[in-house]
> 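Pasting a structure below so you can have a look.
Fair warning: this is a prediction, and the values are worked out from it, not measured in the lab.
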Amino acid sequence: MKDNWKGELIENIFNVSSGAGLSEANFKPGSCNVYGGNGIIGFHSECTNKNIELIIGRVGAHCGNVYLTKKESWITDNALIISFIDKDVSYNFWYYLLKHLHLRNYAFQSAQPVITGGILKRIKVSFPPLPQQQKIAKILSTVDNVIEKTESAIAKYQAIKQGLMHDLFTRGIDVNTGKLRPTPQDAPELYKDSALGLIPKDWEVEELGSIGEFKNGVNKDKESFGSGTPFVNISDAYPEVLNTSNLSKVEVTSLEKSIYKLDKGDIIFVRSSVKPSGVGYTTLYEEESHTIIYCGFMIRFRLDDKINHNPFYYNNYFRYEDFRRRLLCVSTVSANTNVNQESLKKLLCIKPSKEEQIETNLKLISITNKIQTEQQALAKYQQLKAGLLQDLLTGKVEVKITNND
């Protein structure tokens with residue numbers, strides 16, 4: 001800790017008060033942000049606070065969350081309000097410092113965690129003089145701005161991809177031009193009716209059971225896990241392409257390896273999921289260098305003809321929103337949401353030419369690469385921020401003030 005940092009109990013730094021209850025009967029839509037323990041939850045016509053304030057979630061799942069208001073707000077009784085005794089402080093710095101303290105760890109544990117003003121006041125914190133506070137906050141805010149812009153870019157490209165997938169899997173590509181076909185409204189002569197609605201005339205509609213084979217994964221007792229053969233679990237199935245670098249392991253027999261081994265081009269469906277939205281997601285296995293199997297909560301789909309039914313194309317089609325809606329309609333709900341082989345076999349899919357499938361893949365790869373580039377940048381910035389938080393908010397790295405600050 002640097003010599004110029006002070007150590008104080010929080011009760012000597014700021015006062016803590018509770019927000020004001022806001023009943024549904026008294027709620028009137030307006031322009032004031034309404035803050036609860038989980039951030040902005042609505043907009044009210046009246047405000048309880050007209051200044052910039054720090055807010056801390058008081059109870060439940062969002063206990064200890066920290067927010068910085070940017071405008072006049074109504075702060076509910078699910079949150080605590082921080083008012084500094086010495087007004088000459090950097091609110092941004094204290095926002096970062098309080099988040100870094102992980103206040104939830106100080107909460108009183110009952111039926112649900114609760115943090116009170118009394119608990120907060122007994123916490124001791126260390127902090128630098130105001131000039132250093134302001135510079136630390138500026139550094140961290142700059143990184144946050146970059147992270148926010150990167151997240152926005154990811155969201156934009158993901159939205160573009162969703163729109164592109166809709167066009168590619170309803171209109172498709174004219175392989176002679178490399179461009180999307182005109183819409184049915186603009187060129188109805190290019191389309192025909194099918195069990196899936198209007199589709200291009202040269203497409204076919206097939207049942208999944210007619211183009212490939214389904215196989216449930218292996219079930220093992222808990223003593224078998226921890227060593228042996230790499231296996232795919234539910235948590236591994238959500239990326240478009242299976243990442244095999246950090247798979248868990250399970251002891252299996254030679255016979256089980258031969259039965260449940262993945263081949264290049266296999267598509268794996270999630271068979272059972274706690275969340276309904278998770279069932280039926282697919283991942284594509286693109287390697288062939290070593291033996292990998294898959295667990296009993298998953299179903300392997302192996303295409304019979306990987307030339308005319310391109311695995312990359314169909315894996316993306318299975319992740320397309322219209323196909324997922326149809327899959328969820330045939331799932332069953334008990335303790336978990338499940339889908340079985342018989343239901344999957346009857347699901348319909350499109351079949352463009354192999355050339356069109358490849359053209360479609362190229363367009364999807366292009367937008368996916370942009371998303372992955374931004375995601376890699378985001379991971380780098382988040383790692384940078386984590387290091388800065390540790391270094392700057394503990395005084396491990398000295399922040400020097402210059403004439404430009």
Side-chain angles (χ1 to χ4, degrees), residues 151-212 238-241 265 267 269 277 280-284 286 301 303-331 339 343-375:
E151 289 173 336
S152 296
I154 292 171
K156 180 188 75 172
Y157 287 133
Q158 287 174 332
I160 291 172
K161 183 175 180 179
Q162 286 301 313
L164 179 62
M165 289 176 75
H166 174 76
D167 289 338
L168 292 172
F169 295 134
T170 56
R171 295 160 56 189
I173 296 174
D174 182 336
V175 294
N176 294 316
T177 64
K179 297 180 180 180
L180 289 168
R181 289 184 181 84
T183 65
Q185 292 78 15
D186 293 334
E189 70 279 3
L190 298 179
Y191 294 84
K192 66 181 179 182
D193 287 318
S194 76
L196 293 175
L198 286 176
I199 61 172
K201 280 189 173 180
D202 57 346
W203 288 12
E204 299 173 20
V205 173
E206 302 172 312
E207 289 188 351
L208 295 191
S210 70
I211 65 172
Y238 296 101
E240 292 178 19
V241 176
I267 299 170
F269 284 83
S277 59
Y281 260 103
T282 62
T283 188
L284 174 66
E286 288 193 322
F301 181 54
L303 291 156
D304 297 329
D305 178 357
K306 294 176 183 177
I307 301 298
N308 289 300
H309 295 94
N310 184 284
F312 187 90
Y313 178 90
Y314 280 93
N315 183 57
N316 275 281
Y317 180 71
F318 297 154
R319 298 171 69 94
Y320 165 51
E321 58 184 9
D322 177 70
F323 180 86
R324 288 207 35 80
R325 275 196 298 268
R326 290 187 280 117
L327 183 148
L328 290 173
C329 285
V330 300
S331 64
V339 68
S343 297
L344 289 173
K345 287 177 183 178
K346 295 175 183 177
L347 286 175
L348 299 177
C349 66
I350 55 176
K351 181 180 178 291
S353 69
K354 60 184 179 182
E355 292 80 12
E356 186 173 346
Q357 291 177 38
I358 292 172
E359 288 289 330
T360 300
N361 290 348
L362 293 175
K363 292 191 179 297
L364 289 173
I365 288 170
S366 176
I367 187 66
T368 299
N369 286 343
K370 291 180 180 179
I371 294 171
Q372 289 176 344
T373 297
E374 295 294 340
Q375 288 173 331

> Of all heavy-atom pairs between Phe312 and Asn310, which one has the smallest distance, and what is that distance?
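In terms of heavy atoms, the two residues are closest at N-OD1, 3.0 Å.
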> If you measure from CG on Asp305 to NE2 on His309, what distance do you get to the nearest 0.5 Å?
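Going from CG on Asp305 over to NE2 on His309, the span is 7.0 Å.
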> Which atom pair, heavy atoms only, marks the closest approach of Thr283 to Val241?
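Closest approach of Thr283 to Val241: OG1-C, 3.4 Å.
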> Flag yes if more than 12 heavy atoms outside Lys354 fall under 6.0 Å of its NZ atom; otherwise flag no.
no
> Check whether any side-chain heavy atom of Leu344 lies under 4.5 Å from a side-chain heavy atom of Phe301, and answer yes or no.
no
> Look up atom CE in Met165 and atom CG in Asp167, then write down how far apart they are to the nearest 0.5 Å.
11.5 Å
> Count the heavy atoms belonging to other residues, nucleotides or ligands that lie under 6.0 Å from NZ of Lys192, then report whether that count exceeds 12.
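Yes, enclosed.
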> Could you state the interatomic distance from CD1 (Ile211) to CG (Asp304), rounded to the nearest 0.5 Å?
8.0 Å
> Are the side chain of Thr368 and the backbone N or O of Ile365 linked by a donor-acceptor pair below 3.5 Å?
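Side chain of Thr368 to backbone of Ile365, a donor-acceptor pair under 3.5 Å: no, none is there.
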> Could you go through the side chain to side chain contact (heavy atoms under 4.5 Å, CB included) check for Lys161 and Asn316 one step at a time?
CA-CA 11 Å; Lys161 183 175 180 179; Asn316 275 281; 4.2 Å; yes
> Parallel, tilted or perpendicular: which fits the ring planes of Phe169 and Tyr317, with parallel below 30° and perpendicular above 60°?
perpendicular
> Supply the atom-to-atom distance Ile199 CD1 to Thr170 OG1, rounded to the nearest 0.5 angstrom.
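It comes to 11.0 Å.
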> How long is the straight-line distance from OG of Ser194 back to CD of Glu204, given to the nearest 0.5 Å?
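The CD atom of Glu204 sits 11.5 Å away from the OG atom of Ser194.
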> Do you know which two heavy atoms are closest between Arg319 and Thr282, and how far apart they sit?
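What the structure gives for the nearest pair is NH1-O, 2.5 Å.
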> Do Asp202 and Arg181 meet the salt-bridge criterion of a basic N to acidic O distance under 4.0 Å?
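Judged by the 4.0 Å cut-off on N to carboxylate O distance, Arg181 and Asp202 do form a salt bridge.
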> Looking at every heavy atom in both Lys201 and Tyr191, which two are closest together, and how far apart are they?
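Taking every non-hydrogen atom into account, CE-O, 3.4 Å.
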> Step by step, would you call Trp203 with Leu196 a side chain to side chain contact (heavy atoms under 4.5 Å, CB included)?
CA-CA 11 Å; Trp203 288 12; Leu196 293 175; over 6 Å; no
> Between the side chain of Glu359 and the main-chain N/O of Gly178, is any donor-acceptor distance below 3.5 Å?
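No, the answer is negative, given that no donor and acceptor are paired below the 3.5 Å cut-off.
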> Among Phe318, Tyr238, Tyr320, which residue satisfies the ring pair (Phe, Tyr, Trp, His ring centres under 6.0 Å) criterion with Tyr281?
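That would be Tyr238.
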> What pair of heavy atoms forms the shortest contact from Glu207 to Lys345, and how long is it?
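Minimum heavy-atom separation between Glu207 and Lys345: CB-O, 3.5 Å.
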> Return the minimal non-hydrogen interatomic distance between Gly280 and Leu327, and the atom names on each side.
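The pair with the smallest heavy-atom distance is CA-CD2, 3.7 Å.
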> Evaluate the criterion side chain to side chain contact (heavy atoms under 4.5 Å, CB included) for residue pair Glu356 and Tyr313; output intermediate values, then yes/no.
CA-CA 10 Å; Glu356 186 173 346; Tyr313 178 90; 5.9 Å; no
> Above 12 or not: heavy atoms from other molecules or residues under 6.0 Å from CD1 of Ile307?
no
> Taking Leu348's backbone N and O only, do any of them form a donor-acceptor pair with Arg326's side chain (distance below 3.5 Å, no angle check)?
yes
> Quick one: does any side-chain atom of Lys363 pair with a main-chain N or O of Lys179 as donor and acceptor, under 3.5 Å?
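Answer holds: no.
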> Report the C-alpha separation of Gln357 and Thr360 in whole Å, then their side-chain angles, then the decisive distance to 0.1 Å, and conclude whether the side chain to side chain contact (heavy atoms under 4.5 Å, CB included) test is met.
CA-CA 5 Å; Gln357 291 177 38; Thr360 300; 5.6 Å; no
> Just verifying a value: how many Å separate Ile367 CD1 and Leu168 CG, rounded to the nearest 0.5 Å?
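Reported to 0.5 Å precision, the distance equals 11.0 Å.
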> Does a side-chain heavy-atom distance below 4.5 Å link Ile267 with Tyr314?
yes
> Would you check if the side chain of Gln158 reaches a backbone N or O of Ile371 as a donor-acceptor pair within less than 3.5 Å?
no
